[in-house]
Colleague: 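Mind looking over this structure? Questions follow.
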Amino acid sequence: MSKPSIPKGTRDFGPAEMIRRNYIFSTIRKAFETFGFMPIETPAMENLSTLTGKYGEEGDQLIFKILNNGDFLAKADAQAMQEGDSKKLAFSISKKALRYDLTVPFARFVVMNQTELTFPFRRYQIQPVWRGDRPGKGRYQEFYQCDADIVGTEGLTCEVELVQLFDEVLTNLQIPGFEIRINNRKILLALAQVAGIEDRLVDLTVAMDKLDKIGENGVVDELQKRGIPEGAIEKIRPLFSLNGDFQTKHNVLSAIFEGNEAGQKGLEELRYVFDAIRQMELRSGKLEFDVTLARGLNYYTGAIFEVVVPGVQIGSICGGGRYDDLTGIFGLPNVSGVGISFGADRIYDVLHELNLFPNASATVSQLLFVNFGEAEERYCLNLATRLRRQGVACELYPTSAKMKKQMTYANNLGFPYVALVGSREMETGIITIKKMETGEQYAVDKSEILEFLTA
RNA sequence: GUGGUUGUAGCUCAGUUGGUUAGAGCACUGGAUUGUGGUUCCAGGGGUCGUGGGUUCAAAUCCCAUCAUCCACCCCA
């Protein structure tokens, strides 16, 4: 017998962790619904053909493919096998795959259900996704995404609302000093055009995205390595050290983009969002225009979002953006959408690192009845039943074990209260409730337990 | 995928130039305390030293392989 284990990059969640995870999920879910998003779910597995080609070449390799059932070898591509072409072979022995994100399945869902949906359609989706990535800090092979998207409209109020949604969730989770970074793909495109390297847009964005990590000189090196001409680099270099508020950055870029349509359009869109947010005000977040923000996904066409918590080395905790034609690949062109995603697992890590979970309790129960014996057991079971019908989570220790053992149980699991009901209490109907945090004990009439606990 | 780090009790880790029966803290169990936890004291249980091979009279210790882990790069949530 070998020791049991789970695949790398996956995790079990014990009760204490699940209580905390559910706190995150319910906070996110509640905010989603407050903003009018409707829940949907899609299957864990999709047809492999639905997923391939949507995430770039590297993304394709990170998709977990599911081996066909039955005699898959009989239908295997013998030629591919002979040539040692794993990629080609994969398609002949695998028809299904685990979903890689929630956006592509959602696009598929919209196309399949287009006649039944009323647009603009707002949906949210909280489900796990799988990536065959090398696991590391804040990086797993199975993790949850919490997505909210609005499809079927180009209205910029959506961008504004999504910024507010970031603010709402992260404020409620009490994450301090988070920064909502925003940029616009049109601005990146304009930069490439102005520098005369429109065909190298991807190289440009990938390099610029690293500014935080490798600094101005690092980005220049990276651009040189990628073969961007010196003249082009010199044109965009001033932007790497662009500072100040939105207006300042706007003015600089506006001058650079004079006569460039995409650039002006991008700035205009950003201005709309910044104006609205300034008027509405965010609860605790900070909205930052970051020209270097690029994100890897190549289907974004307008706004791009990312949320980071300064001082926590964990990468971005949320992302998102506008994509003008995601459903086009599934045969439904001209449907614009914009969406954001919360990385629940990373948010968990951030809250954990900053010690921001509201309580350390490992139980959902409010109250533990200590078990003193048969007669007391029956009496307490009665009280517990009444309390539960009133909505109080409570439990009775199942055996009349030693007092110390029962108290240790209550202590380890973090019960806020313990009820001590022995012969004395049964006679008078006045039970003893101990508040575990302080050790104080109270005499409470058995009909007033609810009032005592909620006081 | 590339480079490096570390694998010893449930957890965090000691373990000397290779040398008798591999240790500590925390956790667990019992007792001091027969209606009182989180503090204290005492006692106890628990290890194929990641796995496989090699060197040696002798390996946790040295060598090789393999698996796992963590960190950096790459990419991302």
Side-chain angles (χ1 to χ4, degrees), chain A residues 1-3 5-9 14 24 28 55-63 99-103 126-147 202 205-207 209-210 213-214 218 222 225-226 294-298 305-309 312-321 339-350 360-361 368-373 376 397 400-426 431-442:
Chain A
M1 276 286 263
S2 59
K3 281 184 192 166
S5 65
I6 55 176
K8 62 177 177 181
I24 295 171
I28 292 172
Y55 307 107
E57 197 163 325
E58 262 191 73
D60 279 0
Q61 290 179 337
L62 300 180
I63 294 171
R99 68 164 109 63
Y100 179 87
D101 73 353
L102 299 179
T103 308
I126 300 178
Q127 290 189 275
V129 303
W130 294 269
R131 294 182 189 179
D133 216 351
R134 179 180 266 216
K137 186 182 180 181
R139 180 191 238 176
Y140 311 96
Q141 293 206 338
E142 178 186 62
F143 61 96
Y144 272 75
Q145 285 190 334
C146 313
D147 277 25
V202 174
T205 54
V206 169
D209 203 30
K210 294 182 188 167
K213 242 183 198 168
I214 59 181
E222 179 88 21
K225 235 170 52 194
R226 286 171 185 267
R295 313 224 86 228
L297 297 172
N298 40 25
F305 305 109
E306 182 168 284
V307 179
V308 295
V309 184
V312 181
Q313 302 295 322
I314 205 152
S316 60
I317 57 173
C318 307
I340 59 175
S341 179
F342 290 80
D345 298 274
R346 286 197 175 171
I347 290 174
Y348 182 98
D349 291 342
V350 168
S361 179
L368 175 75
F369 286 96
V370 170
N371 189 330
F372 282 110
E376 292 89 343
Y397 198 87
S400 58
K402 282 193 180 135
M403 183 81 164
K404 180 182 167 112
K405 188 165 180 157
Q406 299 191 45
M407 291 301 287
T408 303
Y409 173 81
N411 192 58
N412 287 351
L413 266 54
F415 281 83
Y417 297 98
V418 168
L420 300 154
V421 185
S423 49
R424 284 205 303 271
E425 285 82 359
M426 283 165 60
I431 67 165
T432 304
I433 295 184
K434 180 179 176 109
K435 188 172 184 179
M436 291 299 279
E437 198 187 334
T438 61
E440 282 174 284
Q441 300 195 168
Y442 305 86

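In what follows, chains carry the letters A, B, and so on, assigned in the order in which the sequence lines appear, proteins first and then strands, with residues in each chain numbered from 1. Predicted, not measured: the structure shown is a model, and the values here were computed from it.
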Colleague: Can you tell me, in whole Å, how much space there is between the C1' of B:rC49 and that of B:rG23?
Modeller: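 The same atom, C1', in both gives a distance of 12 Å.
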
Colleague: Work out how far the P atom of B:rG54 is from that of B:rG46, and round it to whole angstrom.
Modeller: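 Here B:rG54 and B:rG46 have their P atoms 31 Å from each other.
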
Colleague: Give every residue pair that meets the side chain to side chain donor-acceptor pair (under 3.5 Å) criterion with at least one member in residues 407-425 of chain A, sequence neighbours excluded.
Modeller: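 Only A:Glu395-A:Tyr409, A:Glu425-A:Thr432 qualify under side chain to side chain donor-acceptor pair (under 3.5 Å).
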
Colleague: Keeping the roles fixed (side chain from A:Asn371, backbone from A:Glu376), state whether a donor-acceptor pair exists under 3.5 Å.
Modeller: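 Not confirmed, A:Asn371 side chain does not pair with A:Glu376 backbone.
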
Colleague: What nucleic acid atoms does A:Gly439 come within less than 4.0 Å of, heavy atoms only: base, sugar-phosphate, or nothing?
Modeller: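 Base contact - A:Gly439 has a heavy atom under 4.0 Å of at least one base atom.
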
Colleague: How far, in whole Å, is B:rG50 from B:rG35 if one measures between their P atoms?
Modeller: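 Approximately 48 Å lies between the P atom of B:rG35 and that of B:rG50.
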
Colleague: Considering only atom C1', compute the distance from B:rU40 to B:rC57 and round it to an integer number of Å.
Modeller: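 Per the computed distance, 50 Å lies between those C1' atoms.
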
Colleague: Any N or O donor-acceptor pair linking the side chain of A:Asn411 to the base of B:rG37 at under 3.5 Å?
Modeller: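 Between B:rG37 and A:Asn411, which were checked side chain against base, a qualifying N/O pair under 3.5 Å is present.
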
Colleague: Can you find a heavy atom in the side chain of A:Phe372 that is under 4.5 Å from one in the side chain of A:Leu420?
Modeller: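 The answer is yes; the side chains approach within 4.5 Å.
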
Colleague: So does A:Gln441 reach the base of B:rU36 with its side chain, donor to acceptor, closer than 3.5 Å?
Modeller: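 Side chain to base: pair present.
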
Colleague: Which range-with-range stems can be found for RNA chain B when each stem has 3 or more Watson-Crick or G-U pairs in a row and both distances sit under 3.5 Å?
Modeller: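 Listed by first number, the stems are B:1-4 with B:70-73, B:10-13 with B:23-26, B:28-32 with B:40-44, B:50-54 with B:62-66.
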
Colleague: Side chain of A:Met403 only, please: which of B:rG37, B:rC28, B:rU36 is the nearest?
Modeller: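 Among B:rG37, B:rC28, B:rU36, the one nearest the side chain of A:Met403 is B:rU36.
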
Colleague: Answer yes or no: is there a side-chain heavy-atom contact under 4.5 Å between A:Tyr397 and A:Lys405?
Modeller: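 In contact.
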
Colleague: Decide yes or no, distance alone: a donor-acceptor N/O pair under 3.5 angstrom between the base of B:rU36 and the side-chain of A:Lys434.
Modeller: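 Counting by modelled atom types and ignoring angles, a donor-acceptor contact under 3.5 Å is found here.
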
Colleague: If only side-chain N and O atoms of A:Lys402 are considered, is one of them under 4.0 Å from the OP1 or OP2 phosphate oxygen of B:rG31?
Modeller: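 Checking A:Lys402 against B:rG31: at least one side-chain N or O falls below 4.0 Å of OP1 or OP2.
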
Colleague: Given the C1' atoms of B:rA14 and B:rG7, what is the spacing between them in whole Å?
Modeller: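 Roughly 15 Å separates the two C1' atoms.
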
Colleague: Suppose we call a contact any N or O donor and acceptor under 3.5 Å apart; does that hold for the side chain of A:Gln406 and the base of B:rG35?
Modeller: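 Answer no: no donor N or O sits under 3.5 Å from an acceptor.
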
Colleague: Could you work out the separation of B:rA60 and B:rG53 based on their P atoms and round it to a whole Å?
Modeller: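 Taking atom P in both B:rA60 and B:rG53, they lie 14 Å apart.
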
Colleague: Please state the P separation for the pair B:rA22 and B:rG37 - nearest whole angstrom.
Modeller: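 Between the two P atoms, the distance is 37 Å.
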
Colleague: Atom pairs under 3.5 Å, N or O on each side, protein against nucleotides 68-74 of chain B: can you list them with distances?
Modeller:
{"residue": "B:rC74", "atom": "N4", "partner": "A:Arg139", "partner atom": "NH1", "Å": "3.4"}

Colleague: Which is more 5' along RNA chain B, the nucleotide nearest A:Gln145 or the one nearest A:Thr438? Just name the residue.
Modeller: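 Closest to the 5' end, via its nearest nucleotide, is A:Thr438.
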
Colleague: Using centres under 5.5 Å plus planes under 30 degrees as the test, is A:Phe342 stacked with B:rA77?
Modeller: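 The base of B:rA77 is not stacked with A:Phe342 (the test needs centres under 5.5 Å and planes under 30°).
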
Colleague: What integer distance in Å separates A:Phe372:CZ from B:rU36:P?
Modeller: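 Roughly 8 Å, once rounded to whole Å.
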
Colleague: Base, sugar-phosphate or nothing for A:Ser341? Non-hydrogen atoms, less than 4.0 Å.
Modeller: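 The answer is nothing, as A:Ser341 stays clear of every strand by at least 4.0 Å.
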
Colleague: With P as the reference atom in both, quote the distance from B:rU61 to B:rU56 in angstrom, rounded to an integer.
Modeller: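 After rounding to an integer number of Å, I get 16 Å for this pair.
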
Colleague: Across the strands shown, which category fits A:Asp345 at heavy-atom distances under 4.0 angstrom: base, sugar-phosphate, nothing?
Modeller: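 Nothing, no nucleic acid heavy atom in range.
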
Colleague: Between A:Lys405 (NZ) and B:rC28 (P), how many Å, whole number?
Modeller: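 My rounded result for the distance is 11 Å.
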
